[in-house]
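Notes follow the structure.
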Amino acid sequence: MPQHFPMFIDGRDAEAADGASFESTDPYTGEVWATFPRGRAADAELAVAAARRAFESGPWSRLTPSARAKLLFKLADLIERDADRLAELEVRDNGKLIAEMRAQVGYIPEYFRYFGGLADKIEGAVLPIDKADTFNYTLHEPLGVCVAITAWNSPLLLAANKLAPGLAAANTFVLKPSEFTSASAVALARLAHEAGFPPGVLNVVTGYGGEVGAPLVSHPDVAKIGFTGSELGGQKINESAARDFKHVTLELGGKSANIVFDDANLDNALKGAVSGIFAATGQTCVAGSRLLVQDGIYDEFVERLVAFAKQARIGDPKLRTTQVGPVTTTAQYEKILDYIRIAKDEGAICRLGGARATGEGLGQGQFVQPTIFAEVRNDMRIAREEVFGPVLSCIRFKDEDDAVAIANDSPYGLAAGVWTGNIRRAIDMPKRLRVGIVWVNMYRAVSFMSPFGGTKRSGMGRENGADAIREYMQTKSVWVSTARETPDPFVIR
Ligand code: NAD
């Protein structure tokens with residue numbers, strides 16, 4: 001019998017106004033394991049109204065920054081207490097590996113601690129203003145009601161990236177998780193309630209993007225949208241938000257280049273290439289899905305990579321020993337298989353995989369074999385479009401300039417990896433790559449302390465890092481006259 005997870009609005013469980021619900025399927029067993037209210041415009045309205053009340057009146061608006069920080073610390077403690085349960089909810093919903101989700105969820109409390117720690121350190125300035133008899137200072141204030149909309153691949157982490165800085169800055173939220181992975185968001189809202197967050201500060205509505213997400217984004221009382229998802233979703237949200245000049249942060253897709261020079265430690269680079277594309281079954285925005293390998297080592301490196309990836313254990317994501325799990329959604333599964341067909345048609349050489357994976361231990365899951373294409377050219381669709389699955393494109397390059405040109409010749413600009421033993425190159429390459437994140441001799445590390453985000457079609461704005469709190473604030477300039485007499489009113493002061 002599927003478990004039902006109500007929404008959470010104004011400090012209470014809530015069903016959809018029209019009573020509708022939808023189902024979530026376990027990507028490994030193929031069974032419906034959970035149901036959720038199917039929210040629509042009326043539910044978005046209730047949630048935004050609750051968030052607005054909480055922002056404008058009530059205990060949240062009167063809390064001191066230090067008291068707000070304590071609530072964030074308390075929430076961090078509760079997430080830590082329930083980390084195993086939350087990780088299991090994620091795995092049921094999105095089929096990612098339990099090993100990965102335990103590590104990810106175990107790290108989320110640190111986001112709330114870090115930004116909680118900043119809550120009472122948001123300082124304005126007294127400006128040495130160049131006007132006589134005038135006192136001028138700045139205040140950094142919250143934006144108001146914020147909407148957080150997230151993708152299915154790392155549900156709680158993507159929510160934490162928005163909620164931790166946004167709540168620390170005293171905003172209130174409506175969180176709309178992906179329709180494929182709503183369970184952990186609802187659980188998080190309940191933990192926030194248990195921690196003592198006043199009603200309406202964190203509301204969660206569940207449902208489809210077009211049905212409940214769009215009315216949230218276009219709601220006149222919403223000041224900011226923090227979005228993680230596809231390029232298409234980001235476009236729609238940006239267009240809608242632009243009509244009312246709302247603030248937006250967009251974390252979108254990528255086609256990141258993982259660049260291996262012939263002077264690199266190739267054993268390490270090999271692991272880096274694998275973590276770039278086969279970890280999380282390639283369902284990660286920062287996937288190093290274009291592997292750029294220098295000419296002289298290309299053949300040997302690709303051969304070693306094929307041998308290494310062939311050993312990957314595919315199977316039940318709930319087993320700690322599994323390394324590659326199922327694809328989360330049917331649409332995504334079909335999309336990956338389509339791209340494999342496209343790559344073959346384009347003339348890329350399939351060196352590993354290239355088909356669905358079936359057989360013992362794979363349950364009813366939708367599995368794709370770890371797939372490696374060699375002799376990919378950067379103008380092929382497989383090198384230009386995001387696959388979001390375990391499909392790697394290996395591209396040759398001649399020298400540093402060639403690597404930079406190929407890496408930057410992409411509509412996206414999220415991340416890049418550089419593998420080299422040359423110190424000049426290790427410092428110079430990050431400057432030349434038009435992306436938001438560069439890893440040198442490592443890949444796929446994230447931290448609440450380090451800014452995260454992309455350039456070009458990978459999005460705009462940054463999450464994480466101390467500056468992320470500013471993405472949820474606006475600056476006010478206050479002018480106070482100390483003059484005994486107001487000067488000529490017809491002349492600007
Ligand atoms: P998606 O755009 O289909 O959905 C993301 C969220 O947006 C969901 O909650 C969905 O319901 C909602 N949504 C969709 N249309 C909407 C609309 N018109 N108005 C309001 N809400 C709407 O993306 P997805 O398939 O869930 O996620 C995969 C994508 O996310 C990939 O492209 C991946 O690269 C990207 N991603 C980016 C990052 C990052 O930080 N850059 C991280 C993870 C995933």
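Below, all heavy atoms of this structure are taken into account, side chains as well, without hydrogens, waters or symmetry copies. Order of listing sets the numbers, starting from 1, for every ligand and every atom in it.
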Please check if any side-chain donor atom of [X] sits under 3.5 Å from a side-chain acceptor atom of [Y], or the reverse.
X      : Y      : answer
Arg290 : Asn378 : yes
Glu385 : Tyr339 : yes
Thr29  : Gln364 : no
Thr249 : Lys224 : yes
Lys96  : Ser154 : yes
Asp93  : Ser24  : yes

Where ligand 1 meets [X] - atom numbers and elements under 4.0 angstrom, heavy-atom basis:
X      : answer
Thr228 : 5 (C), 36 (N), 37 (C), 38 (C), 39 (C), 40 (O), 42 (C), 43 (C), 44 (C)
Cys285 : 34 (O), 36 (N), 37 (C), 38 (C), 39 (C), 40 (O), 41 (N), 42 (C), 43 (C), 44 (C)
Gly213 : 19 (N), 20 (C), 21 (N)
Ser178 : 8 (C), 9 (O)
Pro177 : 9 (O)
Gly253 : 32 (O), 34 (O)

Looking only at distances, please establish whether an N/O atom of ligand 1 is found under 3.5 Å from an N/O atom of [X].
X      : result
Leu252 : yes
Gly229 : yes
Lys176 : yes

Within-4.5 Å side-chain heavy-atom neighbours: [X] and [Y]:
X      : Y      : value
Thr206 : Val186 : yes
Leu157 : Tyr111 : yes
Phe5   : Thr35  : no

Report the nearest protein non-hydrogen atom to [atom]: residue, atom name, distance rounded to 0.1 Å.
atom                    : value
atom 25 (O) of ligand 1 : Trp152 NE1, 3.1 Å
atom 23 (O) of ligand 1 : Ser230 N, 3.2 Å
atom 33 (C) of ligand 1 : Phe388 CE1, 3.3 Å
atom 18 (N) of ligand 1 : Lys236 CD, 3.6 Å
atom 27 (O) of ligand 1 : Ala151 CB, 3.2 Å
atom 12 (C) of ligand 1 : Ile149 CG2, 3.6 Å
atom 6 (C) of ligand 1  : Thr150 O, 3.3 Å
atom 10 (C) of ligand 1 : Glu179 OE1, 3.5 Å

Quiz item: Is atom 4 (O) of ligand 1 in close reach of the protein, with a heavy atom under 4.0 Å away?
Solution: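 Neighbour list for atom 4 (O) of ligand 1 is empty of protein heavy atoms (cut-off 4.0 Å).
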Would you say [X] contacts ligand 1, with heavy atoms under 4.0 Å as the rule?
X      : answer
Phe452 : yes
Gly459 : no
Ser240 : no

Donor-acceptor contact present, side-chain [X] to main-chain [Y], <3.5 Å:
X      : Y      : value
Asn161 : Glu463 : no
Asn94  : Thr181 : no
Glu211 : Ala41  : no

For ligand 1, note which part of [X] has a heavy atom under 4.0 Å away: side chain, backbone, both or neither.
X      : result
Asn153 : side chain
Glu386 : side chain
Ser154 : neither
Gln332 : neither

Quiz item: Between Tyr443 and Trp419, is the ring centre distance below 6.0 Å?
Solution: no
Exercise. Check whether the ring centres of Phe112 and Phe448 lie less than 6.0 Å apart, and answer yes or no.
Key: no
Exercise. Measure up the Phe197 and Trp60 rings against each other and bin them: parallel (under 30°), tilted (30 to 60°), perpendicular (over 60°).
Key: tilted
Quiz prompt | Phe173 six-ring centre to Lys162 NZ/CZ under 6.0 Å and within 45° of normal | solution = no
Quiz item: Nearest non-hydrogen atom to atom 16 (C) of ligand 1 belongs to which of Gly209, Ala148, Gly234?
Solution: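 Minimum heavy-atom distance to atom 16 (C) of ligand 1 goes to Gly209.
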Quiz prompt | Option with minimal heavy-atom separation from atom 7 (O) of ligand 1, where the choices are Phe227, Tyr208, Phe180 | solution = Phe227
